[in-house]
There are 2 protein chains.
Amino acid sequence: MEERTPRRPRIADVAREAGVSKTAVSFAFNNPDRLAPETASRIRDVADSLGYRPHPVARMLTQRQTHTIGVLTPQALSVIFSNPFFGAFNEGVALAAEQEGYALHFISPLHGSLAQAMSQATVDGVVAVGLSASHPEVEQIRAAGVPLVMVDSSALPDQPGVEIDDEGGARAAAEHLVMLGHRDILIVSVEPPPPALELEPEGVMGRRLRGYRSGLEAKGVEFDPRAVVVAPASIEGGLVALHRAWGAGLRPTGVLVMSDAMAIGVLRAARELGLRVPEDLSVVGFDDIDVSQHVSPPLTTVHQPIRRKGESAVRILLSVVQRRDRDPEQLRLETRLIVRASTGPAPRRRQEVERVRG
Amino acid sequence: MEERTPRRPRIADVAREAGVSKTAVSFAFNNPDRLAPETASRIRDVADSLGYRPHPVARMLTQRQTHTIGVLTPQALSVIFSNPFFGAFNEGVALAAEQEGYALHFISPLHGSLAQAMSQATVDGVVAVGLSASHPEVEQIRAAGVPLVMVDSSALPDQPGVEIDDEGGARAAAEHLVMLGHRDILIVSVEPPPPALELEPEGVMGRRLRGYRSGLEAKGVEFDPRAVVVAPASIEGGLVALHRAWGAGLRPTGVLVMSDAMAIGVLRAARELGLRVPEDLSVVGFDDIDVSQHVSPPLTTVHQPIRRKGESAVRILLSVVQRRDRDPEQLRLETRLIVRASTGPAPRRRQEVERVRG
DNA sequence: CCGGTTTAGCAAACCGGTTTAGGCTAGATT
DNA sequence: AATCTAGCCTAAACCGGTTTGCTAAACCGG
C-alpha cells in the first residue's frame with residue numbers, strides 16, 4: 001500500500017466522512033444556528049479529527065474580502081524597515097489594523113512596477129506612504145479600484161489622505177535658528193531614492209524647503225540656494241552632507257536638516273570636525289523619531305505625530321472599506337518645534353568657529 | 001437609465017466582448033504561444049479597454065500559490081516595527097523575498113491566538129521569529145502544514161531554522177569585562193512580554209544568561225543570581241533597570257545587557273546617576289544594532305548578523321517552498337564581540353564609584 | 001486524393017469554499 | 001383530513017480564474 005502525500009482535507013472530505021452535505025459543514029463553522037446543535041458539534045468533531053481548516057484563499061474568493069490591508073511604498077522594502085520613521089509609522093498602522101483584526105501586507109515595486117505589485121496583492125485596501133501624487137503609476141494604482149489612502153502626498157481632490165503641516169513645522173525651525181542669532185544656515189535636504197524622481201515642489205521635501213525659506217525670509221535672512229545640500233535620508237547621508245558642505249567652504253553656525261536620521265549624522269560629523277554642539281553649531285532635525293531624545297546632545301527637532309499618522313490612515317481606510325458611502329476624508333495633523341539641547345545662541349564672532357576648526 | 005456601480009470586469013466579460021472563450025483569454029495572458037498572435041493581441045486590447053485585470057485571489061486559488069511569505073511573531077506587530085532589531089531582521093527578510101518576487105505578510109496573534117491568525121493567512125511559507133519551540137501553539141502552527149522556518153528558537157529536530165551563537169557571544173562579553181578587572185557585574189535581562197511566558201531556559205535570553213554565567217565562572221568570578229535584573233526590551237526598560245538596581249543598593253562597575261536598546265537606556269541612566277562611561281561604569285550590549293555605533297560613547301556589544309539572519313531564513317524557506325524534497329536545513333550564524341568605547345578598565349577602588357555617586 | 005500532423009480554439013472540469021432557494025418531515029392549526 | 005409552519009438539511013449555482021482533453025480545420029508529403 002502506497003504512502004500518498006496526504007492531501008489537505010477539503011470541505012467535501014469532511015462532508016463525506018460526517019455523512020452530510022458541504023453546506024452543512026460550512027454552516028457548522030459559520031452559521032451553527034442553522035443546524036441542530038448535535039449535528040453541528042458532530043461535524044466539528046469530524047473536522048477536527050481530519051485536521052480540516054477552511055482554505056483561506058477559497059474563503060477570500062467567496063467572501064470577497066481578505067481581512068488584510070496593504071502598505072504600499074515606492075521604495076524597496078529592504079530600505080524601509082530599518083528606517084525609524086517607517087518603524088514608527090508602521091507601528092501606528094499595525095495598532096489600528098490589529099484592533100480591527102486586519103493583517104498587514106507590504107507592497108513594494110515588483111520587477112520595478114508598483115502597479116504590477118498592486119494588481120497581485122490581495123488586500124481590501126491600501127495605505128500608500130511616500131507616494132507622491134505625481135508618481136507615474138499613481139493613476140494605474142487608483143484604477144485598480146482598491147480603496148486607497150495616501151499619506152504625505154499633497155492631496156488629490158476626491159482622494160482620502162493624511163498629511164502633516166510640513167511647511168509650518170519647517171518655518172518654526174527656521175525662525176528658531178534665526179531668533180537665536182544665526183545668519184549662516186545650511187539646509188540639508190533629502191535626495192530622492194534611485195528611481196530618481198525629481199525633487200518635486202509638491203513633495204514632502206519641497207514643502208519643508210518652502211517652510212524653511214519663508215521662515216528665514218520672514219525674519220529678514222536671505223535664502224541662499226547654494227546653502228542647500230542633498231543626501232540620502234540616513235545617518236550616513238547626514239554625515240557626508242555636513243562634511244561635503246564644510247569641504248566646499250561653507251561655514252554655517254546652524255543647520256536645518258529635513259530628517260532626524262540625517263540630523264544624527266550631522267551631529268556625528270560635527271564631532272568629527274571638532275565642532276561643539278550647540279556652542280559652535282546648532283542642529284535642528286525633523287520628525288522627532290524616538291532616538292532623537294537619546295542622542296547627545298538631545299536633538300532639537302520638529303515633532304510630527306508619526307504613529308498617529310499611521311493609525312489615522314488605517315482608520316480612514318477602514319471607514320471606506322467597510323461602508324462605501326463616505327466622503328473622502330482628508331486629515332491634516334499638526335507639527336510643532338521641540339527645543340532640546342542641540343540648538344543654542346549663534347557664536348558671537350564667526351572667528352570663534354574658524355578657530356575651532358583649525 | 002440607472003447608473004450601476006460598475007462591476008469589476010471578469011474574464012467572462014472579456015471573453016464575450018472579444019468573441020472568444022474564457023480559455024482563450026486566459027491563454028492570452030499566461031500562455032500566448034497557444035494562440036494566433038493576432039488573436040492574442042486582440043484579446044489583450046479588449047481586456048485593456050475594459051480595464052480587466054485577473055483577480056489575484058482567484059489566481060491564487062487555482063495556482064495553489066500566493067507568492068507571499070509570512071513573517072510570524074508571537075508579539076503584537078505594534079511592538080515589533082519600531083524595534084531596531086526587528087527592523088534590521090525584516091530588512092534582511094525583505095531583501096531575500098523581493099529578489100524572488102515574493103511579497104511580505106505579517107502575522108501576529110489574532111484575538112490572542114497565533115494559530116488562528118495563521119490559519120487565516122494566505123502565504124506559501126512562514127518565517128517565525130521569537131517563537132520559542134515550547135510555545136503552546138507551536139504544534140498547531142506546524143500542523144497547519146505550511147512550510148515553516150523558525151528563527152532563534154532552539155531547533156526542533158526535523159525543523160528548519162536559523163539561530164546564532166548566543167551563548168558564545170555572551171560568554172565573550174562576560175570574559176571581556178572580567179579581563180578588564182570588573183568583579184561586580186550587573187546583568188540586565190529581557191522580560192518576556194505580557195502574555196507572560198516564563199523565562200524559559202531554552203529561549204534566547206536563557207542561552208545568553210548561560211553564556212554570561214559560564215564566561216564569569218571561567219574567569220573565576222562568582223555568578224550572583226541577585227545581580228540579575230529584568231526589564232522590557234526597550235530604551236526605557238534599560239533606563240529603569242539600572243535605576244532600580246542602583247536604588248536597590250547594587251554598585252556594579254560593569255553591566256552586561258541582553259539587548260542594545262536596553263544598553264542605550266543603561267547609558268542614559270548612568271549619565272543621570274552622574275556616572276561616567278566607561279571610567280565609572282562599563283556597559284556591554286548585545287545585537288549590534290545600527291545606532292549602537294552612533295550613541296555616545298559608542299557601544300561595546302556582541303555583534304550578530306541580523307540582516308543575514310533574515311535573509312538566510314527566507315532563503316531556506318523558499319528552498320523548501322519551491323522544491324519539497326529538501327532535508328530540513330539548520331543554520332547557525334556566528335556572533336562576535338565588538339569592543340568600542342563603552343567599556344574600559346574597572347575603577348581601581350570601589351570608593352571611586354561611591355564618591356562619584358554622592 | 002489520402003492518412004497524419006499541426007495549429008487554433010473550445011467546453012467542461014476543477015481549485016475550495018459560501019449562499020440561495022428549496023425539499024422533506026413532523027408537529028401545530030383549522 | 002387538509003393546510004400551515006418550523007426546523008433541519010441539501011442540490012446547485014456561484015466566486016473568478018486555470019487546465020485538461022478534444023475537435024475541426026489547415027497543412028503536408030507522397
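Sequence lines set the chain letters: A, B, ... in the order given, protein chains first and strands last, and positions in each chain run from 1. Just so you know, these numbers come straight off a predicted model, no measurement behind them.
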Minimum heavy-atom distance between B/His135 and B/Pro74, given as atom pair plus value: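 Heavy-atom minimum between the residues: CE1-CB, 4.1 Å.
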Contact summary for A/Leu333 and A/Val162, nearest pair of heavy atoms: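 Minimum heavy-atom separation between A/Leu333 and A/Val162: CD1-CG1, 4.1 Å.
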Parallel, tilted or perpendicular: ring planes of A/Phe85 versus A/Phe89, cut at 30 and 60 degrees: parallel
Would you give me the side-chain donor-acceptor pairs under 3.5 Å for residues 50-61 of chain A, sequence neighbours excluded?
from    : atom 1 : to      : atom 2 : distance (Å)
A/His55 : ND1    : A/Val57 : N      : 3.1
A/Arg59 : NH2    : A/Asn30 : OD1    : 2.6

Sequence-aligned protein contact record of nucleotides 6-12 of chain D, with B where the base is within under 4.0 Å of a protein heavy atom and S where only the sugar-phosphate is: ---BBBB
Touch class at under 4.0 angstrom, heavy-atom based, for A/Asn30 against every strand present: sugar-phosphate
What is the distance, rounded to the nearest whole Å, between atom [atom1] of [X] and atom [atom2] of [N]?
X	N	atom1	atom2	value
B/Arg8	D/dC14	CZ	C1'	17 Å
A/Asn31	C/dT18	CG	P	10 Å
B/Ile11	C/dA11	CD1	P	14 Å
A/Arg10	C/dG16	CZ	C1'	8 Å
B/Gln120	C/dG16	CD	P	18 Å

Qualifying residues under ring pair (Phe, Tyr, Trp, His ring centres under 6.0 Å), relative to B/Tyr102, sequence neighbours excluded: B/His67
Within residues 70-81 of chain A or reaching into it, pairs that qualify as salt bridge (Lys or Arg N to Asp or Glu O under 4.0 Å) - sequence neighbours excluded: none
Residues B/Arg42 and B/Asp45 bridged, charged N to O under 4.0 Å: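 B/Asp45 and B/Arg42: not salt-bridged.
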A/Ser108 vs B/Glu98, side-chain hydrogen bond (donor to acceptor under 3.5 Å, both in side chains): CA-CA, chis, key distance, verdict: CA-CA 8 Å; A/Ser108 63; B/Glu98 274 174 332; 2.7 Å; yes
Interface residues of residues 50-65 of chain A with DNA chain C (non-hydrogen, below 4.0 angstrom): A/Tyr52, A/Arg53, A/Pro54, A/His55, A/Ala58, A/Arg59, A/Leu61, A/Thr62
Evaluation steps, ring pair (Phe, Tyr, Trp, His ring centres under 6.0 Å), between A/Phe106 and B/Phe106: CA-CA 8 Å; A/Phe106 283 82; B/Phe106 283 82; 5.3 Å; yes
Pair A/Ser113, A/Glu137: side-chain N/O donor-acceptor within cut-off below 3.5 Å: yes
Axial bend angle, the helix from C/dC1-D/dG30 to C/dT30-D/dA1: five-pair end segments, nearest 10°: 50°
Criterion side chain to side chain donor-acceptor pair (under 3.5 Å) against A/Glu311, the qualifying member of A/Arg308, A/Arg307, A/Lys309, A/Arg315: A/Arg315
